[in-house]
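Below, chains carry the letters A, B, ... as their sequence lines are ordered, and counting in each starts from 1. Model, not experiment: these values are computed from the prediction. Values reported hereafter were calculated over all heavy atoms of this structure, with side chains retained and with hydrogens, waters and symmetry mates removed.
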Amino acid sequence: MTSNANKRYEPVSSKVDFPQLESSVLEAWREADLFHQVDRARAEAPLFVFYEGPPTANGSPGIHHVLSRSFKDVVLRYKTMRGFRPLRRGGWDTHGLPVELEIEKELGISSKQEIEEFGIEEFNRRCRESVFRYVGEWEAMTERAGVWLDMADAYVTYNNSYIESAWWVFRRLWDKGLVYEGYKVTPHCPRCVTSLSSHEVALGYQEDTPDPSIYIRFPASESQSMSYGASVDTLTALGYDGERWTAPRPAFIAWTTTPWTLTANCALAVGPDVSYVLSENDDGERAIVAEALARTVLGDGWRELARCTGADLVGIEYDAPYGDFLARRGHAHRVLPADFVSTADGTGIVHSAVAYGAEDAELGRAHGIETVHTVDNRGVLAEDFPGGGTFVKDADKQLIRDLDDRGLLFRDDSPYKHTYPFCWRCGTPLLYYAKTSWYIRTTAMKDAMLAGNRGIEWVPEHIKEGRFGEWLRNNVDWSVSRERYWGTPIPIWRCDRDPQHLLVAGSTADLAERVTDETRPLLDGLDLHRPFVDRVELRCAEAGCGGTMRRVPEVADAWYDSGAMPFAQWDYPVTVKASGGEEVTLNGVDDLIASPLFPADYITEAVDQTRGWFYSLLALSTLITGKPSYESCLVLGLILDGKGEKMSKSKGNVVDPWAVMNEHGADALRWYLFTAAPAGDARRFSPDLVKETLRQFLLTLWNTYSFYVTYANIDGFDPDAHAEYWKDGRVGEPTLAAPPPNELDRWIVSELNGLVARVADDMDALNATGAGRRIQDFVNLLSNWYVRRSRRRFWKAENDDDKTWAYVTLYSCLHTLTKLTAPMTPFVADAMFRNLAPRNEGASEAERVVPGQAGTPSGSPTSVHLEPFPDTDPALTDERLDRAVRLAMRIASLGRNARSKSGVKVRQPLARVLVSPRPGDEELLPLIESQVLDELNVKAMEVAEPESLANFTLKPNLPVLGPRLGADMGAARQAIAEADASAVAAALRSGGYGSIELGGFTFEPGDFQIEVEDKPGVAAASEGALLIGIDTTLTPELEAEGTAREFVHRVQNMRKAAGFEIEDRIVTYVVPAPPSVVPAPPSVVPAPPSVIPAKAGTSQPFREEENGGTIRPPSPPGRGAGGEGGSLPPALAAQQTYIRQETLSDALHAAAPPPGAHTEEHEIDGVTLTVGVARAG
RNA sequence: GGGCCACUAGCUCAGUCGGUUAGAGCGCAGUCCUGAUAAGACUGAGGUCCCUGGUUCGAUUCCAGGGUGGCCCA
């Protein structure tokens, strides 16, 4: 052992400022460039591929970004420790409408026309510039949160190389016939004049949106041509004789919340299998609606005249309210069958306008109905109609009035409140609007996507077949084009002579091949963004055409960019290090796909990405390669505020991660995020909970560490000098060379080995929450049982084998904990590791020294992040012992409970504790006897029969009896309740624990459980079948011991109050308090004072010769026992050996304290004493 | 309207493969213990385990329906 002057460890205060500690660790990492050091250390390791879901850096990062980044980091750090080299490349999503809107706001403009007047070139320049305004903030947050992502080498979606690869993907899709131009109805923002993706639409739903709700008459046409296959029988039943109506013309009743779409009505849809009725009222009006809705829609006073199915109605012609407009374009208005018709609401007859509804459009396509607009793309209704020239939502009122005037309005239930989509940025109500758009035919690969999805490891698992699986099963083609400016341009060039002639560029080389001579110079240094790329003209690719091709105006959905990220993040040709350090050159996407860099082993983002990035990644990858681009996906829940509401800028309830990290530290925040709730659950966040985490876990761990360091320094304990305690000399690992002899040590080592194995299992399953909670439980056991119970072993003077074992054990736990926590709390773990790590570690990784780190160049600790994950030794786990110690804790807890009930303080020693263990637990008791005695301050532990401890009643053991007896349970219960519990127990015991008959049932001992009631004389407590009792009988000896302990307790507090050091030896003075008591005669205080040598430790006698060199306790100056007991209170006199030993008193004088001693008055057992303590020597 | 998830103490969360007395931490009240610990232990107050039906000897747990909240989609 080394001397005190050369302390093995940097002293560690139990009071720690974590944010400050983290800053210094961060500084050390920076200096050492640890990030790259770790990467280099794994240069030859197998690759672990991670894809970063690129955040849009056009806003400050929030706490939810710390969440996802932490979960990215924890897995990558863990995998590093498991011997992999993670691909940690960061990325930025830079295109899209949000960026444009930000610039629009800055410029004070709000329409595409204004953008074009302002100039696309300058507009896009500003977009590009704006995106990175917040990048510095993101980078700072990422670093401060201890997240290791390669930000310096991040991919950026606006880079030419990225766009070009995205083009390559597009071209491949085109070549596979997976791209088409479609005429489809899409959610359209009339203000932004652009379609929104479903992801975008989802952002803008608003509940309780009031809309009109009107029921409209669609009278059957005066003349039915029958050319659409109307049934003669049905028409006859409705009153049409083949040439004219013989009865009042019936009207179909349909419901709509968008009156403006009536201007474009072109069909009525009915459910072929739905039952419809023709009804008449007293005024002779005739109406047709679904039978199920007839009463709701029509109300009272209607008689049913006929009924038929929807199929019967098909082909009947009707007069549309604004039929003239469309009729001029050859529209026939007739009833059509459609599966989407339901009778859940409306009338069972659906008004269809193929231009303004997705289902309507499908219906139109199926029946060859031309798409004609009555509204322009700004949402302004054509002049031909009432309200024409105004925005459709404004025109609604005039249209309703007009319909009413013309007798076509059957009912008006306005307003109708429902959930309606609004533009997620500008708040304009969206219109479902038919227009041309470029589509990716994802439906062609739907089965492949579903199959690929089955192979992905989703966490939580329900996402796979639940949310994501459902989404895939309902897959529709991906509308990928946007009529905007700042985005990846769609690489399609169209001929000016024949719009059917198209060319899709997969690279700039493709452009160079067909570029016109006039625009060829533009290719030099071409920015692939608009407007530059728009100026590049190509010679038509169609043979003999001779036309000029110009790019279509659209840009790509930003989800397309991020979905293409696995392919587009590399600037080809690129040389990368694949698994095992092998260098691979990738010349293009095909090389990438064949390389180990594809697919990703792991991705993680929040659940809102299910239909976003998770989908776009899967879709593009499946279309291009036939399989998914990621093999496991951790889906995180959202962070809500303290009230359970989603955090959003507009609500002002966003928590700034900096505030939390500055106050409590990044590790506290990370630990909270990992352990507070399962990763996939939505969680409520509050800074107070982070604080609680800090105290509960980090501080407890830190204090245990501080305890170890303090005493190891005092004792000069150096684990490196005891390498033989560890298997293969691997100092500090959980794998000891042999199980420790002491039960407590053996137990915590067993727990430790079990912990390491289970943490590894959890982390392998992407379950940082489970791993963290296990670690937390272990730290609690370590601190509040192991260390608490072991304290005296560290205090005692001798450096014997038992003490060494205690140090070896505690050291192994702490050193291993730095590794287990390293992925989760990288700062604190590293700070602890650097102080604790063995100095003589010769592993190759450890030889890379952190500059600025104290220590010798070789064999000094570097960083826990260069360490491998610990191994475990199953031979060191002892489940029986684990159970035994938990039993000891239960007994101690029940014993304190019993003491508390009977009012006997733990400080008062008692004779015995009686234990009636659960069947099967008897054998565990000898293992834990000493722990129990000490915890409960009793002299003996005895096994007792339950009836000697308490009265008890029998209860049926339901889990056993239930399955056996089934419906007879009731009778059996009755029989047991009526039996005499003590008699049954005695009978069972006397019969050698055989069976017993009660009420016709045969029971065995295991069929019963006992319930206790207190018995006089014993303080009892029970939990399940475990029953303990404390013998509360006090003898004079026990009372005297109690008094002594009380006295010790007071003196200990005085030591603290006097500011003595832990190892200071003192002299203690005690006299009855003045003035009422006679002063002690001078002769009672001998000079030199008589002393009794103090003992250290609880049981072993202190011997001077074993104490050389240690600082605690110093050699006592005493020279033999002397008595002064006559003047001490008898109880103290009888226990003075014990008192001196506990209080490190060289002498206990029955005398008034000298001046300068710390003096207090204490009342003990009704006597007031003046007590003084002074440093010895 | 549909899908997925959640609902357990004042708060944040465990748990119950159907069984006796449903737990932890924090907070509150009190007691105790303590020379690593702003810590720890014990006691108390605080629970219709969201509701209603069903299955069952027995449901907080399983099933069905409903409610509330969150997310996603119409």
Side-chain angles (χ1 to χ4, degrees), chain A residues 12-15 187 198-199 201-202 205 342 344-345 358-359 418-419 421 460 462-463 465-471 473-474 606-608 610-612 637-638 640 642 644-646 672 675-678 680-686 688-689 691-693 695-697 699-700 702-711 773 776-777 780 783-785 787-788 791 794-795 892-901 903 905-907 935 937 955-963 965-973 1009 1011 1021-1024 1049 1052-1053 1055-1056 1060-1064 1142-1144:
Chain A
V12 174
S13 165
S14 64
K15 299 186 174 34
S198 54
H199 328 294
V201 175
Y205 281 98
S342 83
D345 55 16
E359 288 169 330
H418 60 157
T419 305
H462 62 76
I463 300 284
E465 292 304 328
R467 182 176 291 215
F468 199 61
E470 286 296 324
W471 166 249
R473 279 186 280 280
N474 296 318
V607 66
D608 56 354
T610 309
R611 275 114 160 143
L638 269 82
L640 311 173
E645 289 182 28
K646 188 180 176 177
Y672 165 79
T675 59
D681 285 6
R683 61 186 72 211
R684 295 188 184 192
F685 181 89
S686 87
D688 284 348
L689 294 172
K691 188 175 165 191
E692 189 185 317
T693 280
R695 279 180 32 198
Q696 194 65 36
F697 173 69
L699 215 50
T700 308
W702 188 264
N703 285 325
T704 309
Y705 161 64
S706 162
F707 173 89
Y708 168 81
V709 165
T710 302
Y711 284 97
R773 286 176 173 178
Q776 200 160 292
D777 289 346
N780 184 44
S783 171
N784 293 323
W785 193 262
V787 171
R788 193 162 60 84
R791 266 185 297 209
F794 294 96
W795 293 343
S893 169
L894 291 170
R896 278 189 289 262
N897 181 347
R899 269 181 173 272
S900 166
K901 275 195 293 187
K905 290 180 179 181
V906 178
R907 208 177 285 143
E935 280 292 312
N937 194 18
K955 294 262 174 162
N957 189 0
L958 293 176
V960 173
L961 292 176
L965 299 177
D968 290 334
M969 267 303 299
R973 262 188 165 144
Q1009 301 210 314
E1011 191 159 288
S1022 74
E1023 185 184 84
H1049 172 61
Q1052 300 289 35
N1053 285 338
R1055 285 182 60 112
K1056 231 191 273 190
F1060 297 164
E1061 294 303 315
I1062 291 165
E1063 62 268 29
D1064 282 347
E1142 286 296 307
T1143 58
L1144 292 185

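Partners of Asn937(A) under the side-chain hydrogen bond (donor to acceptor under 3.5 Å, both in side chains) rule, at least two apart in sequence or in another chain, are Arg1045(A). Checked against side-chain hydrogen bond (donor to acceptor under 3.5 Å, both in side chains), Asn780(A) has the following partners two or more places apart in sequence or in another chain: Asn784(A). A search for salt bridge (Lys or Arg N to Asp or Glu O under 4.0 Å) contacts involving Arg695(A) returns nothing, not counting sequence neighbours. Taking Glu935(A) as the reference, Arg788(A), Arg789(A), Arg896(A) meet the salt bridge (Lys or Arg N to Asp or Glu O under 4.0 Å) condition, with sequence neighbours excluded. Judged as a side-chain hydrogen bond (donor to acceptor under 3.5 Å, both in side chains), and not counting sequence neighbours, Arg791(A) has no contacts. The side-chain hydrogen bond (donor to acceptor under 3.5 Å, both in side chains) search around Tyr708(A) returns Tyr9(A), not counting sequence neighbours. Listed by chain and residue number, Trp671(A), Arg773(A), Gln776(A) satisfy the side-chain contact (heavy atoms from CB on, under 4.5 Å) test with Thr675(A) (two or more places apart in sequence, or in another chain). Among residues two or more places apart in sequence or in another chain, the salt bridge (Lys or Arg N to Asp or Glu O under 4.0 Å) test is passed with Arg683(A) by none.
Atom-to-atom distance recorded for Thr693(A):OG1 and Asp688(A):CG is 11.0 Å, nearest 0.5 angstrom.
For the C1' atoms, the distance from C33(B) to U43(B) is 14 Å, rounded to whole Å. As rounded to the nearest Å, A74(B) and G3(B) have C1' atoms that lie 11 Å from one another. Rounded to the nearest Å, the gap between the C1' atom of U61(B) and that of G23(B) is 15 Å. Here, G58(B) and C62(B) have their C1' atoms 13 Å apart, quoted to the whole Å. Nucleotides G18(B) and A64(B) have their P atoms positioned 15 Å apart, rounded to a whole Å. The C1' atoms of G10(B) and G47(B) are separated by 12 Å, rounded to the nearest whole Å. The C1' atoms of C7(B) and C51(B) are separated by 12 Å, rounded to the nearest whole Å. Taking the P atom of each, U21(B) and G35(B) are spaced 41 Å apart, rounded to whole Å.
Atom CG of Asp688(A) is separated from atom C1' of C13(B) by 16 Å (rounded to the nearest Å). One interatomic measurement links the two molecules: CD of Gln776(A) to P of A24(B), which rounds to 15 Å at whole-angstrom precision. In this entry the distance linking CG of Asn474(A) with P of C72(B) reads 17 Å, nearest Å. Arg773(A) places its CZ atom 9 Å from the P atom of C13(B), with the value rounded to the nearest Å. When rounded to the nearest whole Å, the span between CZ of Phe794(A) and C1' of A36(B) equals 10 Å.
As judged by a 4.0 angstrom heavy-atom cut-off over every strand, Pro421(A) is placed among residues making no nucleic acid contact. In this structure, Val709(A) reaches neither bases nor backbone, as no heavy-atom distance under 4.0 Å exists between it and the strands shown.
Taking only side-chain nitrogens and oxygens, Tyr711(A) comes nearer than 4.0 Å to OP1 or OP2 of A36(B).
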Can you pull every protein N or O that's under 3.5 Å from an N or O on nucleotides 8-10 of chain B?
none

Under 3.5 Å between N/O atoms: give me all the protein pairs with nucleotides 1-6 of chain B, atom names plus distance.
| from | atom 1 | to | atom 2 | distance (Å) |
| --- | --- | --- | --- | --- |
| G3(B) | N2 | Arg467(A) | NH2 | 3.2 |
| C4(B) | O2' | His462(A) | ND1 | 3.3 |
| C4(B) | O2 | Arg467(A) | NH2 | 3.0 |

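Where Ala676(A) and Asp608(A) meet RNA chain B, the nucleotide closest to each residue was compared, and Ala676(A) sits on the side nearer the 5' end. Mapped onto RNA chain B by nearest heavy atom, Glu692(A) and Leu689(A) fall at different nucleotides, with Leu689(A) at the one closer to the 5' end.
Taking the charged nitrogens against the carboxylate oxygens, Arg611(A) and Glu470(A) have no contact shorter than 4.0 Å, which rules out a salt bridge.
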* Using a 4.0 Å cut-off on protein heavy atoms (strictly under), produce a 5'-to-3' string for nucleotides 37-44 of chain B with B for base contact, S for backbone-only sugar-phosphate contact, and - for none. => BSSSSSS-
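Here the two rings, on Trp702(A) and Tyr705(A), have centers that are under 6.0 Å apart.
A side-chain donor-acceptor contact under 3.5 Å links Thr710(A) to the backbone of Ser706(A).
In RNA chain B, runs of at least 3 consecutive Watson-Crick or G-U pairs, each pair with both distances below 3.5 Å, span B:1-7 with B:67-73, B:10-13 with B:23-26, B:28-32 with B:40-44, B:50-54 with B:62-66.
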